[in-house]
Amino acid sequence: MSSTKHTTLVDLQQFNSYLSVFENSPIGICLASTDAVIVKANQRFCEMLEYKEEEVVGTAIGSFDHPDDLRKSKAFVKRLLNGSNHWLTTEKRYRKKSGAYLWAKTSATIIQDQVGRPALIVGMIEDISAMKEIQSALKDREERLSEAIVNTGVRITLLDLDGYVLYANQTLPEVPKEEFIGSCAYEWWPEALRGEIKGAMKIVRDTKKSLNFESQYPTPSGKLHYFFHDLSPRTHGGQVTGYTVICNDITERKKLEEDLERSHSLMELGLTAAKMGIWEWDVRENLLNWDHTACEIFGYEPDHLSGTVDEFISNLHDDDRERLLEENADAFKSKEAFNGEYRIVRQDKLEVRWVSFKSRYFRNTMNQVVRLTGVIWDSTEEKEKELIKQKAIELERQNKELQEFSYLASHDLQEPLRTVSNYVKLLSDKFEDVKDPHTPVFLDFISKAVNRMQHQIKDLLEYARLGHEKEPHSVDCNLLIQQVIENLEELIRTKQATIEIAPLPLISCYPQEITVLFQNLIHNGLKFQAPGTPATVRIEAKDEKNRWVFSVQDNGIGIEQEHFAKIFTIFQRLHPRNRFEGTGIGLAQCQKIVALHGGEIWLESKLDKGTTFFFSIPK
Ligand code: ADP
């Protein structure tokens, strides 16, 4: 019923003549007084509310209202009575006798009396419950749908043919939605891309087929975003009327891809720098894939590989083949990783090399190994270093044993020697009066030999003791050398020798040992004095980056070059005892002390000119 329909003033008597129409109307009709109390209701009205007419007559219209519609209802009546003589329409709920509600479209108007005052309200109600149910279901669906569209990570934009935004479930990053809707989509693309995008739209328009592309452009704040676009035509009656743009912000994915690529190339760089090869054993196919570096390690040209496991096994050294097979078989059963170190025979040079590898088994859901992937590198040098290290440890152990032995031996030998010496003395006293001229000479020989042996054993004992000091100390060599000079004072005086000492550094060392070192070298410098030449010994030190190089120079008899190496060996002497006294242990001690400090000892010498001993001490 139209709300614009004009109501004419009718006589109630005349209205009654239409009573049968009123009664049989398929629309529920009621008449109410101006204070909204029902005075008459037709059959349909009563049916709809499940009442008899006498039950509704005298009842306020508002008493059937749903509590939520009360305000709306009151306002509706107020508007009616406020002079309007037009039909007004509203939708509201009525409570039926059963307590259930029905939705009804309510149209009402006012019938005025002869002087134009509101006399009667005419109300008509149509049951729209079914329509309301459909409407509500539709609304629900629409809400769910639009919620899904809005919440999807994908931006859906509808454009008209000129590229203006008609709808967007999401706006662009950093762009308010109001600004985006109604704008021309091209404006948001960088200038350089616009031509390309317009071209794509033209293709979609002409072919009526969708296409997709990736692009990258900055947000208003300049942040670069990557997008994936799917552009499809919207058609109506076979004509393209606009476009649907589905756009996905793939910045995160792109970043991940870039990060992945970066770490991949970094890994490749690292592997290349470390000369590590990559290989993979496809267990199901029983095929082995080797990369370029792995081929190089085995001495293969990459094209000459058959890629079989047997080929790899054939390259293993005969002594290591069984071990690898056993270790793999063991790890294959349950372990995650398989790491090993084996010898191979290189294909090209038939050279034996050590290779090390670390690998990981990949299993399927049934716990069967499907793949073994790993890295491999030539570890020959590492292995050699390790072997040298092991040898050094072994050598050190043997050395220690030897030291202990020589210490004990020399210590224990002193005792019987002392006894021999004492008895020789007793014998000498006893045979003092004996007339035989040979006896005292023989006894003298024995006594001297015993004496010499005692010295040798004492020196040997000292040699064995070297390096027993635990911690190195910081030592001022100027002070240390003063001590040495004091120890040699008598010899210096006898020889009328000159000792020149240049400024010496502070070093970290075993002080007792360094004292012995200087003492032996200076003592030799004085002892091996050239005949007729006053002895001069000069001590210096030179700063050489990572080490100090000390020198002890004399102007003595010199040494022939062919003896340079020999003189550092224990008991090795170049001169008969009657010319120069000594045990032949001094330089061996020096060498041991220098080695103990991680340094080196060497010499320069010219016969009859003099000798300079050098030794280095690391800083
Ligand atoms: P020793 O001095 O007790 O004989 P060393 O081990 O100190 O034993 O020296 C070994 C040998 O090296 C000496 O016997 C000597 O022949 C030679 N030698 C050592 N130092 C000098 C030197 N400064 N000048 C010449 N010869 C030397």
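Since this is a predicted model, take the numbers as computed values, not measurements. Both counts, for ligands and for their atoms, begin at 1 and track the order of listing.
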Handout entry: Whether Phe613 and Phe568 hold their rings parallel, tilted or perpendicular, with breakpoints at 30° and 60°
Key = perpendicular

Problem - Side-chain ion pair, Arg353 and Glu351, N-O less than 4.0 Å - result: yes

Handout entry: Non-hydrogen atom of Lys527 closer than 4.0 Å to ligand 1
Key = yes

Handout entry: Min N/O separation Leu587 to ligand 1 under 3.5 Å
Key = yes

Exercise for the section: Below 4.0 angstrom from a heavy atom of Thr611, which ligand 1 atoms are there? Numbered from 1 as shown, please. Expected result: 24 (N)

Handout entry: Ion pair check, Lys255 and Glu258, cut-off under 4.0 Å
Key = no

Exercise for the section: Measure the distance from atom 7 (O) of ligand 1 to every protein heavy atom, then report the residue, atom name and distance (to 0.1 Å) of the closest one. Expected result: Asn524 ND2, 2.8 Å

Exercise for the section: Report yes or no: does a heavy atom of Gly584 sit under 4.0 Å from some atom of ligand 1? Expected result: yes

Handout entry: Proximal atoms of ligand 1 relative to Gln572 (non-hydrogen, under 4.0 Å)
Key = 10 (C), 11 (C)

Exercise for the section: Identify the protein heavy atom lying closest to atom 12 (O) of ligand 1, giving its residue, its atom name and the separation to 0.1 Å. Expected result: Ile567 CG2, 3.3 Å

Exercise for the section: Determine, using ring centers only, whether Trp279 and Phe312 are less than 6.0 Å apart. Expected result: no

Problem - Carboxylate-amine/guanidinium contact Asp429 Lys425, below 4.0 Å - result: no

Problem - Subset of ligand 1 atoms that lie under 4.0 Å from at least one heavy atom of Leu574 - result: 14 (O), 16 (O)

Practice task
Heavy-atom contacts with His575 under 4.0 Å: which atoms of ligand 1 show up? List them by number with element.
Solution key: 15 (C), 16 (O)

Without placing hydrogens or testing angles, list every side-chain donor-acceptor pair under 3.5 Å for residues 515-528, not counting sequence neighbours.
from   : atom 1 : to     : atom 2 : distance (Å)
Thr515 : OG1    : Pro511 : O      : 2.7
Gln519 : OE1    : Asn487 : ND2    : 2.9
Asn520 : ND2    : Gly586 : O      : 3.1
Asn520 : ND2    : Gln589 : OE1    : 2.9
Lys527 : NZ     : Glu581 : O      : 2.8

Exercise for the section: Say whether Asp554 and ligand 1 are in contact under the criterion: heavy-atom distance to a ligand atom below 4.0 Å. Expected result: yes

Exercise for the section: Return the orientation label for the Phe338 and Tyr342 ring planes: parallel under 30°, perpendicular over 60°, tilted otherwise. Expected result: tilted

Exercise for the section: Spell out, as yes or no, whether a donor-acceptor pair under 3.5 Å connects the side chain of Asn364 to the backbone of Val369. Expected result: no

Problem - Phe613 to ligand 1, any heavy atom closer than 4.0 Å - result: yes

Practice task
Return the residue, atom name and 0.1 Å-rounded distance of the protein heavy atom closest to atom 4 (O) of ligand 1.
Solution key: Arg573 NE, 2.7 Å

Practice task
Could you tell me whether the side chain of Glu280 reaches within less than 4.5 Å of the side chain of Thr373, counting heavy atoms only?
Solution key: yes

Handout entry: Which of the ligand 1 atoms, numbered from 1, are nearer than 4.0 Å to a heavy atom of Gly582
Key = 3 (O)

Practice task
May I ask you to check whether Ile559 has an N/O atom sitting below 3.5 Å from an N/O atom of ligand 1?
Solution key: no

Handout entry: Plane angle bin for Phe442 and His438 - parallel if under 30°, tilted between 30 and 60°, otherwise perpendicular
Key = parallel

Completion exercise
Filtering Phe568, Phe528, Phe564, Phe580 for the heavy atom nearest atom 13 (C) of ligand 1 leaves Phe528

